[in-house]
Structure formats: C-alpha cells, structure tokens
Amino acid sequence: MPELPEVETVVRGLAPALTGARLLAIEALFPEQLEGPPALYQRASGALIEGVRRKGKYILLDLVPPAGARQQKSAPRHLRLMIHLGMTGKLLLSKASEPLEKHTHAILHFRRSGGSGQLRYVDPRRFGRFVLGAAGAESDPERLVAGGREPLEIDAAEMAALFHGRSGPIKNLLLNQNLLRGLGNIYADESLFRAGIHPRARRLSRPRLYRLHGAVREVLAEAIAAGGSSISDYVGSSGEKGWFQVRHRVYGRTGEPCLRCGTPLRRVVLAGRSAHFCPRCQKQK
DNA sequence: ATGCTACCCTGGCAGC
DNA sequence: TGCTGCCAGGGTAGCA
C-alpha cells in the first residue's frame, strides 16, 4: 500500500527516465479508469515532460504540449497528469517487448535521447486515480491534493501547533491528509510505536507531540532509504521491491511479542483501519 | 467543524 | 479440488 515512502521511491525512479522526455501518446486500455477530457489526452501527445514530482501520496507530471497544440485558442499552455496509486497501483517503466500485466489501464509512450520506452499504469483494485487536466485551471488535478503539510518539511513546533486543540484520537489525526499528507496506516502505526504513544491517545502534551514529530521523520526517512515497504504487491518503477517491511515493529504483527518488552501486540480499529500497537509500551497519557 | 459508516474493487486466504 | 465468504484499506460521500 503506497504511502509517502513508496510514492517517493516511485518518483525517484521515474524522474531520471522521464524528465525531459517527449510524451508520444497516452494509450487508454481501460478508459473508465482515466479521468479528464479526451481532448486533453489528444493534446498531451507530443508534450515535453518537464518534471515528475511527489506531493503527499500523489505523483504529478508537468507537461508542456508542443507549440502547435499550444497556439489553439483557449488551449491551456501546460497540462498536468496526476496519479494516485491507491492500494494496489503501480507505475512501471517497461520496454514495448515486455508482456502486459493484467489490469494495465494505460500506457504512456515516450521517447528520449536514449531511445523509446513505456510507462505502464497498473491497478487491479482500481482504488487509484489517473487524472489529466490543465495546469492552473479549474481542472488542474493538483487541486485534488489534500492541503496538509509535508511531514518531512514541517518542524516540531509547527506540528505541535497543528495538532494542538484537536480532540480526536492521535491515530485518526495522523491519517488526516488535511493535517499531514503522506502518512498511511503502516507509517502512522510505526511512528506511534516509536514515540510510545497509544493510537487512541487524545490531546497530546507538547513534549509528546515533539517526540511524535521526531518518530514520524525517523520512520519515513528509514523507509525511504529502504525503498519503501513491499506488502501486498507494492514495487518500485523498475519492479523492485522495498524491504522496510522487515523493520516493521508493530504493523501486521498482531499477537506477536513486542520487540521491546515481549508483550503480545494488539489490534484495534480506528478510523475504519486496523491500528497495531503494544499495550505496554504505548501509553494513553 | 467533527466524526462516524459505507462504499468502491480484486486477490489472497481460511474453512468446509 | 473448488467453492464461498471474509478481509485488506486510501479517499470520499453521505449522514448524524
């Protein structure tokens, strides 16, 4: 399940291959899954891929259409493609000769100095999104990105201020993309364990919020360095697996002994998601 | 504003 | 062996 570290890994894999490349066409194999006006998909043909970015769990491709397409009246100058991987989405750099994976919904054909290639968008469960729109316009898909802060950019005092006065369980707050964007179930649970905070804890004191801030940064940085967590079927843009899952201390370990104190780990449901925690190491107050 | 539940969807697995 | 049923959860809609 791609969260910030997985999406960051994908973007780091895509950027060198796609930045400066020419998008030849977007081939729609399952058009129902692709959002945005069909005319824009036409206009994207021949566009320069100016950049590949991550914002929260979203991947953004900035596209500059060729001059001819740009000069049409009312035609937007720049286009933007936004991809959210949902639970099972993948973006794979492939050669045309490689066999198509099941549930491939779109193929981006591109060409660069080194030759031609494909970027394939695969999403069996279709929880992901693939949206093309005009940059800066009403339809700009970047507007769909939640307004939370980047957890690796916010400092401890800012995060404490952001969370202060919120009444909900801390786990719910960590999953709220309008506060911090990029944390999902795995890294929220892992961060809370490292900070010694119970997922149901509310109205955390300032020192505990500072500790949580440090834990979030630490977990995300380690996970990015490890190439993300390959649970379910996550892989990077070259099909490579991450290995942070072997360092998970609570996620998916219900009933197993806590690595710190040996107490069996427990699971409760919060915000409709499983929260994994150590009942002894993680305190409500 | 806030917080819940339901829903979208397929693959993997347990149980019979 | 093959079927059924349940579970995983990111994000959003609809409701209290």
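Nothing here was measured: the structure is a model prediction, and the numbers come from that model. Each chain gets a letter, A, B and so on, in the order its sequence line appears, and its residues count up from 1.
- With a 6.0 Å cutoff to the six-membered ring centre and a 45° limit on the axis angle, Arg166(A) does not count as a cation-pi contact of Phe163(A).
- Note: Tyr187(A) and His248(A) have perpendicular aromatic rings, judged against thresholds of 30 and 60 degrees for the angle between ring planes.
- Distances were taken from every side-chain heavy atom of Tyr58(A) (C-beta onward) to each of dG10(C), dT12(C), dT10(B); the shortest belongs to dT12(C).
- Taking only side-chain nitrogens and oxygens, His84(A) comes nearer than 4.0 Å to OP1 or OP2 of dG11(C).
- Listed nucleotides: dG9(C), dT10(B), dT12(C). Nearest to the side chain of Arg129(A): dT12(C).
- Between the CZ atom of Arg273(A) and the C1' atom of dA8(C) there is a distance of 9 Å, rounded to whole Å.
- Tested against Glu8(A) for a salt bridge (Lys or Arg N to Asp or Glu O under 4.0 Å), the candidates Arg53(A), Arg54(A), Lys57(A), Lys55(A) yield a single pass: Arg54(A).
- Note on Gln177(A): a side-chain N or O is less than 4.0 Å away from OP1 or OP2 of dG11(C).
- Across the protein-nucleic acid pair, Asn185(A) atom CG and dC7(C) atom P stand 16 Å apart, rounded to whole Å.
- A heavy-atom distance below 4.5 Å is found between the side chains of Leu63(A) and Ile49(A).
- In this entry dT2(B) has dA16(C) as its Watson-Crick or G-U wobble partner, both defining distances falling under 3.5 Å.
- Between Lys102(A) and dT10(B), a side-chain N or O to OP1/OP2 separation shorter than 4.0 Å is absent.
- Protein atom CG of Asn178(A) is 11 Å distant from nucleotide atom C1' of dG11(C), rounded to whole Å.
- Just one of Lys90(A), Met87(A), His105(A) meets the side chain to side chain contact (heavy atoms under 4.5 Å, CB included) condition when paired with Asp123(A); it is His105(A).
- Remark: Arg125(A) is not in phosphate contact with dG11(B), judged by side-chain N or O atoms under 4.0 Å from OP1 or OP2.
- An OP1 or OP2 oxygen of dG9(C) is reached within less than 4.0 angstrom by no side-chain nitrogen or oxygen of Tyr187(A).
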Report all interatomic pairs (protein N or O, nucleotide N or O of nucleotides 2-5 of chain B) with separations under 3.5 Å.
| residue | atom | partner | partner atom | Å |
| --- | --- | --- | --- | --- |
| dT2(B) | OP2 | Arg166(A) | NH1 | 3.4 |
| dG3(B) | OP1 | Ser167(A) | OG | 2.8 |
| dG3(B) | OP1 | Gly168(A) | N | 3.2 |

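- One atom, CG of Asn176(A), and another, P of dG9(C), lie 18 Å apart when rounded to the nearest Å.
- When the side-chain nitrogen and oxygen atoms of His103(A) are compared with OP1 and OP2 of dC9(B), none of them lie within a distance under 4.0 Å.
- Taking atom CZ of Phe130(A) as the reference point, atom C1' of dC8(B) lies 20 Å away to the nearest angstrom.
- At the phosphate of dG11(B), neither OP1 nor OP2 sits under 4.0 Å from any side-chain N or O atom of Thr88(A).
- A close approach under 4.0 Å does not occur between any side-chain nitrogen or oxygen of Lys57(A) and OP1 or OP2 of dG10(C).
- Across all strands, Arg126(A) comes closer than 4.0 Å only to sugar-phosphate atoms, never to a base (heavy-atom distances).
- Taking the 5.5 Å centre cut-off and the 30° plane limit, the aromatic side chain of Phe127(A) is not classed as stacked on dG11(C).
- A donor-acceptor pair shorter than 3.5 Å cannot be found between the side chains of Arg120(A) and Thr104(A).
- Side-chain contact between Val122(A) and Lys102(A) is absent, with no heavy-atom pair separated by less than 4.5 Å.
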